S.K.: 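Got a structure here, written out as structure tokens. Questions coming.
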Amino acid sequence: MDFARAGIITDAMRAVAEAEHRDPEFIRAGVAAGRIAIPANVRHLAAGLKPAGVGEGLSTKVNVNLGISGDIADAAVEWEKVATAERLGADAIMDLSNSGKTRFFRQELVQKTPLMVGTVPMYDAIGYMEKPLVKLTKDDLLATVRAHAEDGVDFLTIHCGINRSVIKTFKETGRLMNIVSRGGSLLFGWMEVTGNENPFYEYYDEVLEICHEYDVTISLGDSCRPGCLFDSNDAAETAEMIELGKLTKRAWDAGVQVMIEGPGHMAINEIAANVALQKRLCHGAPYYVLGPLVTDIGVGYDHITAAIGGAISASAGADFLCYVTPAEHLCLPDADDVREGLIATKIAAHAADIAKGVPHARDVDDRMGDARRRLDWNEMWKYALDADTARARYEASPASTEGTCTMCGKMCAVRTVNKVFEGTTIDLGTE
């Protein structure tokens, strides 16, 4: 952000401009104004990060969550998820490990992946400091933030907006699902037991100093995001968003890039208004949303409920989609869940990019349409988001008529029209 404001176009800005089919000056101006963020820790850049831009006028980015839990701590499975994310075109990986000593995996992830890496220091603080939650001090929390920044993490989700004022609103207005953010709930519990203000809010300037030192983007967490449709766009969520808008300006004043995190669960008819409100209250900062899930009863299929909401939110102006897997609300996702969640979210992001006119977003769709007209299956695989799955389904059910599939066979509409234009006899026998 310092370079952008000084009129300097960095290598990272040029790389983002090339990837986005934008003029480098467009990227520089967006970063300087805070409308675009390029999460790129100086240490990850040195280790091989491929810079990516998040924000206004750019393609919608997709994040994959992974990491060990207290019940399932198998690093090999997490590395399989990393490989899946990289192979299928994720833009970012968030390591949400929350049990034991997580630093080695995080450091290795930064060294190995070219994708943006995000973390939530609050998840790690208990294990990192080897203390129970209520014994953590502000120095412990800041030390955890510094450790993640030193390790090369590109963006840190920090729940700075849940202060005493927001908690007062939450208690006075009530909710059906209370607080469903893991980091937000931990801070709420800490504040209630200790009686103190949220350290990330009270000592926000010190958090910003750490972020600026390593060029870490702060992703302002939404502790009061709705965990069900009943709570969406309520007083608590809105009160926190107002605080996040204030914190956004303070971060920009300190030369720190910002993303704002959002819902959650939300009815379809409320999504566009929520995005517009975030852009207004948070001064156009990039919006990073989880879903939103458009119904609460899609359990086992929440990658679909989230993809519906993700397509609507991104087409309305959201910039970054956090994937949701079929395992949401049920268990720690496995590698197959990661694949399904990532593809569903990439479909949502791509559909939104077409709708909002991202440069060249529809080119691949037009190439796919042409390949389908020619019934060139091998070319179709090149354009498919998940070519392996598409090819496997096609080859598992071989058609008796060359060039067709078993849905229509000789009655394939594309084949019929092609033959008409070629002047070839059409054979629709019943054999």
Side-chain angles (χ1 to χ4, degrees), residues 41 63 65-75 77-78 81 93-110 117-164 166-167 170 177-204 206-211 214 216 218-225 227 240 261 290 322 327-329 331-333:
N41 188 307
N63 172 71
N65 289 339
L66 48 82
I68 64 170
S69 71
D71 290 319
I72 301 178
D74 189 338
V77 172
E78 301 313 309
K81 296 176 188 178
I93 294 173
M94 287 199 77
D95 173 19
L96 304 186
S97 297
N98 62 10
S99 179
K101 294 298 182 182
T102 63
R103 193 168 197 181
F104 177 76
F105 179 81
R106 180 169 64 250
Q107 290 174 330
E108 192 173 2
L109 178 62
V110 168
V117 173
T119 59
V120 187
M122 191 65 206
Y123 293 0
D124 188 38
I126 296 171
Y128 182 70
M129 302 308 300
E130 296 183 327
K131 289 182 179 181
L133 173 66
V134 296
K135 296 294 184 181
L136 292 172
T137 67
K138 71 99 173 174
D139 290 333
D140 294 332
L141 295 177
L142 290 175
T144 307
V145 170
R146 177 167 288 278
H148 284 232
E150 289 176 346
D151 290 344
V153 173
D154 303 297
F155 62 98
L156 296 177
T157 292
I158 305 182
H159 301 82
C160 305
I162 183 168
N163 55 22
R164 304 301 304 180
V166 171
I167 288 177
F170 159 59
M177 279 286 292
N178 293 323
I179 293 174
V180 300
S181 158
R182 190 173 2 175
S185 69
L186 292 172
L187 282 166
F188 172 74
W190 185 93
M191 293 165 70
E192 289 293 289
V193 170
T194 65
N196 296 326
E197 180 59 277
N198 175 0
F200 292 130
Y201 176 79
E202 186 173 4
Y203 301 97
Y204 186 57
E206 295 183 40
V207 173
L208 296 178
E209 288 176 7
I210 296 169
C211 290
Y214 294 91
V216 173
I218 189 166
S219 190
L220 290 170
D222 54 335
S223 303
C224 295
R225 71 171 180 265
E240 184 180 27
E261 298 191 8
L290 179 71
C322 184
E328 185 78 6
H329 300 112
C331 59
L332 190 73

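Only heavy atoms go into these numbers, but all of them, side chains included; no hydrogens, no water, no symmetry mates. Because the structure is a prediction, the values reported are computed rather than measured.
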S.K.: Once you round to the nearest 0.5 Å, how far does CG of Leu156 lie from CE of Met122?
M.R.: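 One finds 14.0 Å between CG of Leu156 and CE of Met122.
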S.K.: Under the side chain to side chain donor-acceptor pair (under 3.5 Å) rule, what do Asp95 and Ser97 come out as? Steps first, then yes or no, please.
M.R.: CA-CA 6 Å; Asp95 173 19; Ser97 297; 2.6 Å; yes
S.K.: Between the side chain of Asn198 and the main-chain N/O of His159, is any donor-acceptor distance below 3.5 Å?
M.R.: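 Between the backbone of His159 and the side chain of Asn198 there is a qualifying donor-acceptor contact (under 3.5 Å).
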S.K.: Could you tell me which non-hydrogen atom of Phe155 sits nearest to which non-hydrogen atom of Ser219, and how far apart they are?
M.R.: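 For Phe155 versus Ser219, the nearest heavy atoms are CD1-CB, 4.2 Å.
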S.K.: Measuring from atom CD1 of Ile162 to atom SG of Cys224, what distance do you get when rounded to the nearest 0.5 angstrom?
M.R.: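 One finds 4.5 Å between CD1 of Ile162 and SG of Cys224.
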S.K.: Tell me every residue that passes salt bridge (charged side-chain N to carboxylate O under 4.0 Å, His left out) with Arg146, counting only those two or more places apart in sequence or in another chain.
M.R.: Glu213
S.K.: When you measure from the side chain of Glu240 to the backbone N and O of Val166, does any donor-acceptor pair fall under 3.5 Å?
M.R.: no
S.K.: Scan Ile93, Leu332, Leu109 and name whichever one has a side chain to side chain contact (heavy atoms under 4.5 Å, CB included) with Glu78.
M.R.: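 With Glu78 as partner, side chain to side chain contact (heavy atoms under 4.5 Å, CB included) holds for just one option, Leu332.
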S.K.: Please test Phe200 against Val145 for side-chain contact (heavy atoms from CB on, under 4.5 Å), starting from the C-alpha separation and ending with a verdict.
M.R.: CA-CA 10 Å; Phe200 292 130; Val145 170; 3.8 Å; yes
S.K.: If I take atom CG from residue Leu96 and atom CG from residue Leu66, how far apart are they, to the nearest 0.5 angstrom?
M.R.: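 Interatomic distance, Leu96 CG to Leu66 CG, rounded to 0.5 Å: 7.0 Å.
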S.K.: To the nearest 0.5 angstrom, please state how far the CG atom of Leu187 sits from the CG atom of Asn196.
M.R.: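 Going from CG on Leu187 over to CG on Asn196, the span is 12.0 Å.
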S.K.: Taking C-beta and beyond as the side chain, do Leu133 and Leu186 meet within less than 4.5 Å on heavy atoms?
M.R.: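 Yes, side chains in contact.
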S.K.: So, Glu197 side chain and Asn163 main chain: donor-acceptor pair closer than 3.5 Å or not?
M.R.: no
S.K.: Do Phe188 and Asn178 make a side-chain contact, defined as non-hydrogen atoms from C-beta onward lying under 4.5 Å apart?
M.R.: no
S.K.: Got a donor-acceptor contact below 3.5 angstrom from the Asn63 side chain to the Met94 backbone?
M.R.: yes
S.K.: Quick one: are Glu261 and Arg225 in side-chain contact, heavy atoms under 4.5 Å?
M.R.: no
S.K.: Please list, chain by chain and in numerical order, all residues satisfying side-chain hydrogen bond (donor to acceptor under 3.5 Å, both in side chains) with Glu192, sequence neighbours excluded.
M.R.: Lys171
S.K.: When you measure from the side chain of Lys131 to the backbone of Thr137, do you find a donor-acceptor pair of N or O atoms at a distance under 3.5 Å?
M.R.: no
S.K.: Under the side-chain hydrogen bond (donor to acceptor under 3.5 Å, both in side chains) test, which residues partner Lys138, sequence neighbours left out?
M.R.: none
S.K.: Closest heavy-atom contact between Ser223 and Ile179?
M.R.: O-CG2, 3.4 Å
S.K.: Hey, does Leu142 have a side-chain heavy atom less than 4.5 Å from the side chain of Pro199?
M.R.: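 A side-chain contact under 4.5 Å is absent here.
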S.K.: Sub-3.5 Å donor-acceptor pair from the side chain of Asn41 to the main-chain atoms of Val153, do we have one?
M.R.: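 Indeed, once roles are kept as given, a pair shorter than 3.5 Å links the two residues.
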S.K.: State the CG-OG1 distance between Leu136 and Thr144, to the nearest 0.5 angstrom.
M.R.: 7.0 Å
S.K.: If I take atom CG from residue Asp124 and atom CG from residue Leu141, how far apart are they, to the nearest 0.5 angstrom?
M.R.: 11.0 Å
